[in-house]
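Heads up: the structure comes next, in structure tokens.
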Amino acid sequence: MREEEVKRRMKELIKEIEYHNYRYYTLDDPVISDAQYDRLMRELEELEKKYPELAEPNSPTKRVGAPPLEVFGIVTHSIPMLSLSNAYSENEVIEFDERVKRLLSVNSLEYVAEPKMDGLAVELVYINGEFIQGSTRGDGFTGEDITQNLRTIKTIPLLLISDDKIKIPSRLEVRGEVYMTRDGFKRLNKEREEKGEPLFANPRNAAAGSLRQLDSKITAKRPLYIYCYGVGIVEGIEFSTHWEMLEAFKKWGLRVNELIRVCKNIEEVIAFYHELEKIRESLPYEIDGMVIKVNSIDFQKRLGEKARSPRWALAYKFKAHQETTTIKDIIVQVGRTGALTPVAIFEPVRVGGVEVKRATLHNQDEIEKKDIMIGDTVIIERAGDVIPEVVKVIKEKRDGTQRRFKMPDNCPICGSPVIRIKGEVVPRCINIACPAQIKGRIRHFGSRNAMDIEGLGVSLVEQLVDKKLVKDVADLYFLTLDQLVPLERMGEKSAKNLLESIEKSKKRELKRLIYALGIRHVGEHLSEIIAKKWKSIDQLFTVTEEELLETPEIGPEVASSIISFFKNETNKKVIERLKEAGVSMKEEEEEEKPAKLKGLIFLFTGALSNMTRSEAKERVEALGGSVASSVSKRVNYLVVGAEPGSKLEKAKELGITVIDEKEFLKMIS
Ligand code: IVH
């Protein structure tokens with residue numbers, strides 16, 4: 001086949017497959033059989049294998065993920081992604097309606113009411129119908145470039161469907177919420193539990209964690225979906241109402257929540273809110289309220305925005321879920337820093353669809369303030385689907401069998417006397433050999449943002465410490481296959497995998513190691529600051545308090561904590577053994593390099609002589625840049641190879657910087 005023909009066929013296949021993806025995933029109404037679909041996919045895969053240089057970045061074959069990134073690029077939103085003002089009562093909603101009507105000098109006003117999805121806001125950019133970039137909301141002004149990850153979400157079209165009546169805009173920035181279904185979340189957590197990986201607290205966190213993967217192949221395996229509900233810049237088309245815009249979205253193949261409704265007035269909005277509240281728990285995804293939007297775009301423009309939210313929209317939040325239960329017991333947990341925390345054990349109860357068995361009571365002061373006794377009947381609440389809290393005690397239910405709780409004077413785990421440090425609310429066990437602390441320290445050391453040791457889950461750490469195989473974090477590096485295989489839920493394969501991930505962790509960046517050591521008051525952020533200034537652990541052994549205090553963000557408390565950590569003989573020995581095991585103790589020079597091309601967009605035309613298109617793309621992306629597939633104003637550089645195509649002319653018209661392959665090689669070297 002001639003190149004032109006291959007290209008044409010590829011484009012045809014992509015268009016067709018994308019249409020069937022839309023029928024299957026977005027509409028849930030396929031029009032061809034799985035076998036027919038597979039045939040189309042196979043033909044495309046074969047063509048791409050034979051002509052890799054012609055493969056399109058937006059090919060559906062890319063939905064399984066792309067090569068991992070080193071860092072995410074930064075994307076500046078051309079129009080800031082605002083947040084919403086919240087209302088918690090009907091009164092506030094009525095006030096909103098009155099305010100808006102007053103500002104517009106109208107007597108009646110139409111709204112669109114939408115479920116408020118509990119996920120993550122993203123922006124998708126389509127140029128002439130092609131998906132070219134996707135980003136997180138971030139701080140509203142800039143977000144992270146998660147294009148590769150978003151490409152793996154089947155309900156995100158890679159090509160918009162053209163409709164004869166509604167032309168596809170030359171530029172369309174669509175906003176929406178990526179979320180995980182409840183079922184998908186449960187399945188994912190079950191799998192993670194089996195693998196000993198930390199669990200996600202709720203579907204929202206799971207969606208966020210999945211979208212922020214540098215390896216999009218991981219994202220591809222997660223049950224993520226999107227609902228679109230807004231726009232940034234739109235070029236080439238205007239809408240008169242929000243509803244009309246949503247209708248256009250649907251025609252283009254963008255997924256829109258079927259529950260969204262036009263309401264003639266605020267009373268209809270409120271009635272719909274109560275309906276949503278009723279069906280909330282039966283929905284396959286979590287929602288935390290309703291978003292009310294003025295339907296007329298003209299009115300929206302007239303109303304404009306205040307500080308960080310539009311005047312034309314309001315989030316009407318659902319009340320937190322509350323339930324009544326009794327406190328069977330109050331136990332004391334010991335964390336990695338030795339802090340003792342009282343935890344209430346409840347008669348299990350379902351709150352908003354989730355079974356709740358326990359909740360932290362924080363400390364003795366809290367218990368006294370809320371006047372909580374063992375045996376009390378209490379109201380508990382899960383606000384925003386997070387950690388449950390005891391809201392209050394129903395004192396009328398007391399019958400004399402209730403008992404006061406007192407924090408123990410000895411550690412419930414190791415029996416050492418508990419110390420109350422002046423100025424601190426929490427009592428501590430200061431025996432650093434306390435098994436509870438050891439377990440906590442080891443879990444922290446291996447956690448995702450620390451040394452990231454995959455497979456080192458809670459139950460494994462329990463066993464390792466209880467069986468005295470591990471007494472400190474350095475022991476992890478001296479574990480053997482023979483020691484691991486006999487452990488519960490282990491087996492040869494998992495044991496080998498664990499040893500491999502322990503081995504891999506030896507090369508983590510210095511900032512992760514510092515954080516992993518668990519120095520008090522030194523979290524992720526400070527670890528990074530410390531690693532930037534003192535480029536090795538050895539330097540931290542000799543650092544003085546004055547030097548530390550000269551560093552922005554390091555105060556006296558942190559400084560003295562760092563000094564005493566590195567003075568401590570036990571810690572010295574642990575670090576010596578980590579070194580002996582081959583754990584990297586220095587800042588590796590390469591670490592700072594990526595992101596040289598951060599935020600820059602490249603486009604290629606013609607053949608490169610030193611590498612293929614996809615290699616060039618990989619290089620650009622590894623350095624934080626991105627590659628577009630068509631000419632647009634956003635492109636920073638057009639790289640021209642042999643026999644360039646029509647892109648060159650267009651780029652010149654738009655004033656895009658044109659460079660040759662030699663210059664390009666210099667930029668990426
Ligand atoms: S509209 C200017 N519509 O809520 C309007 N937001 O508090 C901005 N959200 O960041 C957003 N469902 O993550 C809108 N149907 C919906 C939504 C929704 C969920 C989230 C979104 C946004 C946050 C604002």
Side-chain angles (χ1 to χ4, degrees), residues 79-117 121 123-124 160 163 165-169 172-177 226-277 279 283 287-306 308-318:
I79 298 180
M81 291 179 78
L82 301 175
S83 59
L84 294 165
S85 326
N86 289 326
Y88 297 92
S89 68
E90 203 170 303
N91 269 347
E92 287 172 272
V93 173
I94 292 171
E95 276 168 24
F96 163 78
D97 176 56
E98 283 169 355
R99 186 169 57 243
V100 171
K101 286 200 289 209
R102 200 174 52 241
L103 288 169
L104 293 168
S105 316
V106 294
N107 291 325
S108 71
L109 195 54
E110 198 173 78
Y111 293 101
V112 172
E114 309 180 350
K116 185 167 190 300
M117 301 302 300
E123 180 167 77
L124 314 172
L160 297 180
D163 180 278
K165 281 179 234 105
I166 312 177
K167 187 166 118 273
I168 289 178
L172 174 67
E173 298 177 356
V174 184
R175 288 160 183 194
E177 197 89 348
I226 193 167
Y227 274 133
C228 302
Y229 52 63
V231 286
I233 286 183
V234 186
E235 280 166 9
I237 189 164
E238 280 196 35
F239 303 108
S240 61
T241 63
H242 183 72
W243 180 257
E244 190 187 299
M245 179 186 87
L246 296 178
E247 289 285 298
F249 279 9
K250 288 188 220 167
K251 297 231 166 74
W252 294 329
L254 292 161
R255 194 157 172 263
V256 176
N257 195 327
E258 283 303 321
L259 294 171
I260 297 179
R261 266 199 212 171
V262 178
C263 298
K264 288 267 156 265
N265 49 46
I266 206 70
E267 287 73 29
E268 275 190 35
V269 171
I270 292 169
F272 182 40
Y273 172 85
H274 294 301
E275 261 180 63
L276 272 185
E277 213 173 19
I279 59 163
L283 293 176
I287 60 175
D288 57 350
M290 166 199 258
V291 184
I292 309 169
K293 299 174 180 174
V294 168
N295 194 13
S296 152
I297 304 278
D298 187 34
F299 283 171
Q300 288 185 2
K301 284 190 187 140
R302 274 166 58 188
L303 289 162
E305 61 231 23
K306 43 184 198 227
R308 304 220 39 194
S309 53
R311 276 197 201 86
W312 48 266
L314 182 73
Y316 186 7
K317 300 289 271 288
F318 290 135

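A centroid separation of less than 6.0 Å is found between the aromatic rings of Tyr273 and Phe318.
Evaluated for a side-chain contact (heavy atoms from CB on, under 4.5 Å) with Leu246, the options Leu254, Asn257, Val262, Ile260 yield exactly one hit, Ile260.
No donor-acceptor pair closer than 3.5 Å links the side chain of Arg175 to the backbone N or O of Glu123. When atom types are taken as modelled, the side chain of Arg261 and the backbone of Ala113 share no donor-acceptor pair closer than 3.5 angstrom.
The closest side-chain donor-acceptor pair between Ser309 and Ser85 falls under 3.5 angstrom. Of the N and O atoms on the side chains of Tyr111 and Asp97, at least one donor lies less than 3.5 Å from an acceptor on the other residue.
Residues Glu305 and Leu82 meet the side-chain proximity criterion, which asks for heavy atoms closer than 4.5 Å. At a threshold of 4.5 Å between non-hydrogen side-chain atoms, the residues Leu172 and Trp252 count as touching. Side-chain contact between Leu109 and Phe299 is present, with heavy atoms from C-beta onward closer than 4.5 Å. Within the 4.5 Å cutoff, side-chain heavy atoms of Lys293 are placed close to those of Val291. Between Tyr229 and Val256 there is no side-chain heavy-atom pair separated by less than 4.5 Å.
Lys101 and Glu98 are not joined by a salt bridge, as no carboxylate oxygen comes within less than 4.0 angstrom of a charged side-chain nitrogen.
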Inset, instruction - Apply side chain to side chain contact (heavy atoms under 4.5 Å, CB included) to Lys301 and Ile297, showing your working. - result: CA-CA 6 Å; Lys301 284 190 187 140; Ile297 304 278; 4.2 Å; yes
Inset, instruction - Please report the C-alpha distance between His242 and Glu114 in whole Å, then the side-chain angles of each, then the deciding distance to 0.1 Å, and finally whether the side-chain hydrogen bond (donor to acceptor under 3.5 Å, both in side chains) criterion is met. - result: CA-CA 11 Å; His242 183 72; Glu114 309 180 350; 2.7 Å; yes
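Gln300 contributes atom CD, which lies 9.0 Å from atom OG1 of Thr241 (distance to the nearest 0.5 angstrom).
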